[in-house]
Trainee: 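Mind looking over this structure? Questions follow.
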Amino acid sequence: MNLTPEKLYNILLKKNGPLYWWPIDESYHKKNNSDSRFEIIVGAILTQNTAWSNVERALDNLKSENMLEIKKIKELNISKLRYLIKSSGFFNQKADRLKEISNYLKNKYDGNLNEFFNRGINEIRNELLSINGIGPETADSIILYAGCIPIFVVDAYTKRLCKRIPFDTKLSYFEIQNYFQKELSKVYKSDELTKIYKELHAQIVIFGKNYCKKKPLCKKCPLKDYCCFKNNL
DNA sequence: GTCCAGGGCCGTT
DNA sequence: AACGGCCATGGA
């Protein structure tokens, strides 16, 4: 049997239930007493090649110092910033990256994220990619999870999944992204796509952690009927 | 002690 | 275009 993105989504969702990463509802916003979209932007940068548990500690540090705002990061002493995000690893370059995007958003949009996200998706994406330290995955994570604009995020797990399961796509970031978007927009209405893309990306990450690891656990894999990469069987 | 995580940049082929 | 080294902490 061959697998489609829609089937993949249904199988993983049924197995795990919804994961709801990076919520942006009003109660979450109030609880944190800051713009939760900026928190997502910071999280997207801090989690580059890093376990989320290490990122959470850094976010907690920034929150407890009441620093999770564009203007405050922009003005924060760089050594202090490095110290606060230390647990997330690569803290020197990540501190620079947080400074860069905060400066950019403050200088060009006066820190107004409504203004920043209220433009064409290509314009937003190209601007993000022009900032040093923001590549395709980080840019798309920011657009999807902070901007709530439908774009499918391709990460290392998604690439690995596509290498093992024979989807009808080539394996570059762009090809995989286009393939998932093309297939899923056939099935779901456009106003559902943001939710679907958020949830599917999250599901793929969890699936990659639990089953489709570097050394995969194919024996118990929920996708084994669709996969030709068998191991441990 | 070893491996690896919700990448991206830069230099070399 | 594709690959390798590098960045660094903390949990398994």
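Order of the sequence lines fixes the chain letters, A, B, ..., with proteins taken first and strands second; residue numbering starts at 1 for each chain.
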Trainee: Which nucleotide wins on minimum distance to the side chain of Lys86(A), given the candidates dG6(B), dT9(C), dG8(B)?
Mentor: dT9(C)
Trainee: What integer distance in Å separates Asn210(A):CG from dG11(C):C1'?
Mentor: 15 Å
Trainee: Closest nucleotide of DNA chain B for Asn132(A) versus for Val205(A): which of these residues is on the 5' side?
Mentor: Val205(A)
Trainee: Can you tell me if Tyr157(A) is stacked onto the base of dG6(B), using a 5.5 Å centroid cut-off and an angle below 30°?
Mentor: no
Trainee: Is any side-chain nitrogen or oxygen of Thr50(A) closer than 4.0 Å to OP1 or OP2 of dA8(C)?
Mentor: no
Trainee: Would you kindly give the CG-to-C1' distance between Asn61(A) and dT9(C), to the nearest whole Å?
Mentor: 13 Å
Trainee: Roughly, in whole Å, what's the span from CD1 in Ile131(A) to P in dG7(B)?
Mentor: 19 Å
Trainee: Once you round it to whole Å, what is the distance between C1' of dG10(C) and CD1 of Ile85(A)?
Mentor: 15 Å
Trainee: Which whole-number value in Å describes the distance from Phe90(A) CZ to dC4(B) C1'?
Mentor: 10 Å
Trainee: Is there a side-chain contact between Glu39(A) and Lys63(A) (heavy atoms, below 4.5 Å)?
Mentor: yes
Trainee: Check whether any side-chain heavy atom of Ile73(A) sits under 4.5 Å from a side-chain heavy atom of Lys106(A), and report yes or no.
Mentor: no
Trainee: Are the ring centres of Phe167(A) and Phe180(A) closer than 6.0 Å?
Mentor: yes
Trainee: From dG11(C), dG7(B), dG6(B), pick the nucleotide closest to the side chain of Gln93(A)?
Mentor: dG7(B)
Trainee: Could you tell me whether the side-chain ring of Tyr145(A) sits stacked on the base of dG6(B), using a centroid cut-off under 5.5 Å and a plane angle under 30°?
Mentor: no
Trainee: Within 45 degrees of the axis of the six-membered ring of Phe117(A) and under 6.0 Å from its centre: does Arg119(A) put its NZ or CZ there?
Mentor: no
Trainee: Leu59(A) versus Trp52(A): any side-chain heavy-atom pair under 4.5 Å?
Mentor: yes
Trainee: Does Arg57(A) make a side-chain N or O approach to OP1 or OP2 of dG11(C) shorter than 4.0 Å?
Mentor: yes
Trainee: Kindly point out which of dA8(C), dG8(B), dG6(B) is positioned nearest to the side chain of Phe91(A)?
Mentor: dA8(C)
Trainee: Using whole Å, what does the distance between atom P of nucleotide dC6(C) and atom NZ of Lys94(A) come to?
Mentor: 18 Å
Trainee: Could you tell me how far apart Asn49(A) (CG) and dC6(C) (C1') are, to the nearest whole angstrom?
Mentor: 11 Å
Trainee: Which value, in whole Å, describes the distance between the P atoms of nucleotides dG10(C) and dG8(B)?
Mentor: 22 Å
Trainee: Of Gly135(A) and Lys214(A), whose nearest nucleotide on DNA chain B comes first from the 5' end?
Mentor: Lys214(A)
Trainee: Contact class for Lys213(A) (heavy atom, under 4.0 Å): base, sugar-phosphate, or nothing?
Mentor: nothing
Trainee: Quick one: which of dG11(C), dG7(B), dT9(C) gets closest to the side chain of Ser53(A)?
Mentor: dG11(C)
Trainee: When the P atoms of dG6(B) and dG4(C) are compared, how many Å lie between them, rounded to an integer?
Mentor: 22 Å
Trainee: Out of dC7(C), dG6(B), dT9(C), which nucleotide sits closest to the side chain of Ser87(A)?
Mentor: dT9(C)
Trainee: So, is Lys209(A) close to the dG6(B) phosphate, meaning a side-chain N or O under 4.0 Å from OP1 or OP2?
Mentor: yes
Trainee: What is the distance, rounded to the nearest whole Å, between atom CZ of Arg97(A) and atom P of dG8(B)?
Mentor: 8 Å
Trainee: So, Tyr109(A) and Glu127(A): side-chain donor and acceptor under 3.5 Å apart, yes or no?
Mentor: yes
